[in-house]
Novice: 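Below: one structure in structure tokens.
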Amino acid sequence: MSVIVLGSMAFDKIETPFGKTDKIVGGAATYIAWSASNFTRPIQQISVVGADFPPEELSVLEARGVLLEGVQVNKEKKSFFWHGRYHLDMNTRDTLETQLNALGDFVPVVPPSYQGADILMLGNLAPAVQLSVVEQLTERPKLIVLDTMNFWMETAMPDLEKVLKKVDILLVNDSEARQLSGQYSLVRAAREIMKMGPKRLIIKKGEHGALLFQEDHVFFAPALPIDEVFDPTGAGDSFAGGFVGYLDSTKDFSFDGLKSAIIIGSAIASFCVEKFGTTRLRELTRQDIDKRIRQFIELVNFDIALV
Ligand code: AMP
């Protein structure tokens with residue numbers, strides 16, 4: 001059992017209406033690894049960090065079963081840095097600063113020991129970098145999942161089109177699905193996107209849950225209404241991590257299997273937003289996760305008599 005995870009490992013500076021942080025450890029692959037390792041190990045990480053990335057952060061990940069052979073340390077550069085500010089609705093944010101640093105000239109190298117993984121999770125990065133990892137795998141993983149964002153649709157669409165043809169599942173949010181397809185209706189958007197390559201599509205709608213599409217089937221997973229959303233950073237990546245980690249543990253890639261996995265992804269994302277950065281993910285216990293999954297079951301469980 002193993003999952004390859006590609007993505008950024010970074011420093012983030014985050015401002016929300018409830019507080020702000022100095023530089024804290026973040027990055028899509030960091031959130032994905034913390035989340036997925038609740039369900040499966042090892043996680044085979046591919047990323048790059050700069051000379052400033054704290055070695056103890058790498059050690060705690062290793063202790064979690066995250067293999068770092070594919071994580072390059074660029075001693076000449078700093079780590080990727082992202083500074084974001086959330087609006088009052090906590091669903092939208094502005095990027096105030098992005099410093100690519102070590103990520104700017106990142107050429108991923110898949111270590112030979114990673115070959116043969118069942119799942120490849122391509123976190124949000126330049127589509128050319130994502131494609132390079134797919135092409136380095138000698139055996140196609142059973143499941144390839146892709147995350148992307150509007151920025152790549154605007155700046156690297158030809159590469160994105162190429163990588164879309166190689167993946168099984170695409171994860172995007174609702175505005176990105178509309179942008180990619182040119183359709184307002186999410187049902188029509190899904191139909192158009194599934195013609196571009198992925199046979200399954202997950203559209204995340206922040207606090208309004210997520211939709212799973214496959215052919216003419218649709219499934220809706222709610223987001224748990226939370227008392228206090230503190231910091232949404234990494235929620236999408238935690239969703240992805242919970243999703244692929246759980247799928248690697250069940251190996252059930254059927255539509256029903258994916259339905260369970262998006263509930264798990266939603267549950268892990270609901271923890272992520274409760275504290276700044278990866279703080280909440282680091283404290284999670286199996287009991288916390290099981291309790292939250294039961295809350296999800298309660299949330300959508302009802303009896304109705306048809307008259
Ligand atoms: P999410 O909130 O799930 O969209 O992911 C937030 C994480 O994505 C942060 O920890 C950032 O470090 C990382 N991130 C933001 N912009 C980029 C980018 N252009 N490329 C790679 N990672 C990014």
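One-based numbering, in listed order, for ligands and for the atoms of each.
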Novice: With no hydrogens and no angle check, just 3.5 Å: does a side-chain donor-acceptor pair link Gln99 and His83?
Specialist: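 There is no such pair between these side chains.
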Novice: With a 4.0 Å heavy-atom cut-off (strictly under), which part of Phe80 contacts ligand 1: side chain, backbone, both or neither?
Specialist: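 Under 4.0 Å from ligand 1, Phe80 contributes side-chain atoms alone.
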Novice: So, Asn173 and Arg178: side-chain donor and acceptor under 3.5 Å apart, yes or no?
Specialist: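 Result is no, nothing qualifies.
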Novice: With side-chain contact (heavy atoms from CB on, under 4.5 Å) as the criterion, how do Met149 and Glu176 come out once you've worked through the C-alpha distance, each side chain's angles and the decisive distance to 0.1 Å?
Specialist: CA-CA 6 Å; Met149 68 188 292; Glu176 291 158 352; 3.5 Å; yes
Novice: Looking at Tyr86 and Ile14, would you say the former's side chain and the latter's main chain have a donor-acceptor pair under 3.5 Å?
Specialist: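 Answer holds: no.
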Novice: Do Phe80 and Phe11 have ring centroids that are under 6.0 Å from one another?
Specialist: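 Here the rings of Phe80 and Phe11 have centres that are no less than 6.0 Å from each other.
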Novice: Suppose I only count heavy atoms of Ala10 and a 4.0 Å limit; which atoms of ligand 1 are within that range?
Specialist: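 Reading through ligand 1 atom by atom, the close ones are 12 (O).
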Novice: Pick one: which of Thr233, Asp12, Thr95 meets side-chain hydrogen bond (donor to acceptor under 3.5 Å, both in side chains) with Trp82?
Specialist: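 Output: one option passes, namely Thr95.
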Novice: Quick one: does any side-chain atom of Ser59 pair with a main-chain N or O of Pro55 as donor and acceptor, under 3.5 Å?
Specialist: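 Checking the backbone N and O of Pro55 against the side chain of Ser59, a donor-acceptor pair under 3.5 Å is found.
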Novice: At less than 4.0 angstrom from any non-hydrogen atom of Tyr31, what atoms of ligand 1 do you find?
Specialist: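 This gives 10 (O) as the contact atoms.
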Novice: Any idea which protein heavy atom is nearest atom 13 (C) of ligand 1, and the distance to it?
Specialist: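 Sorting protein heavy atoms by distance from atom 13 (C) of ligand 1 puts Ser8 OG, 3.9 Å first.
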Novice: Any atoms of ligand 1 less than 4.0 Å from a non-hydrogen atom of Gly27? List them with their elements.
Specialist: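 In order of number, 9 (C), 10 (O), 12 (O).
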Novice: Quick check on contacts: which atoms of ligand 1 are under 4.0 angstrom from a heavy atom of Gly236?
Specialist: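 By the 4.0 Å cutoff, the relevant atoms are 3 (O).
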Novice: Looking only at protein heavy atoms, which one is nearest to atom 5 (O) of ligand 1, and how far off is it?
Specialist: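 Answer for atom 5 (O) of ligand 1: Asp237 OD2, 2.7 Å.
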Novice: Using a 4.0 Å cut-off to any heavy atom of Arg93, which atoms of ligand 1 qualify?
Specialist: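 This gives 1 (P), 2 (O), 4 (O) as the contact atoms.
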Novice: Run the contact test for Asn124 against ligand 1 with a 4.0 Å cut-off on heavy atoms, strictly below, and give the result.
Specialist: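 The answer is yes, since Asn124 has a heavy atom less than 4.0 Å from ligand 1.
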Novice: Counting heavy atoms only, which part of Asp12 comes closer than 4.0 Å to ligand 1: side chain, backbone, both or neither?
Specialist: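 Side chain only.
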Novice: Please determine whether residues Leu88 and Ile226 belong to a single hydrophobic cluster, defined as Ile, Leu, Val, Met, Phe, Trp and Tyr linked transitively by side-chain heavy-atom distances below 4.5 Å.
Specialist: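 Looking at the clustering, Ile226 is in a separate group from Leu88.
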Novice: At under 4.0 Å between heavy atoms, which part of Met9 makes contact with ligand 1: side chain, backbone, both or neither?
Specialist: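 Neither; no heavy atom under 4.0 Å.
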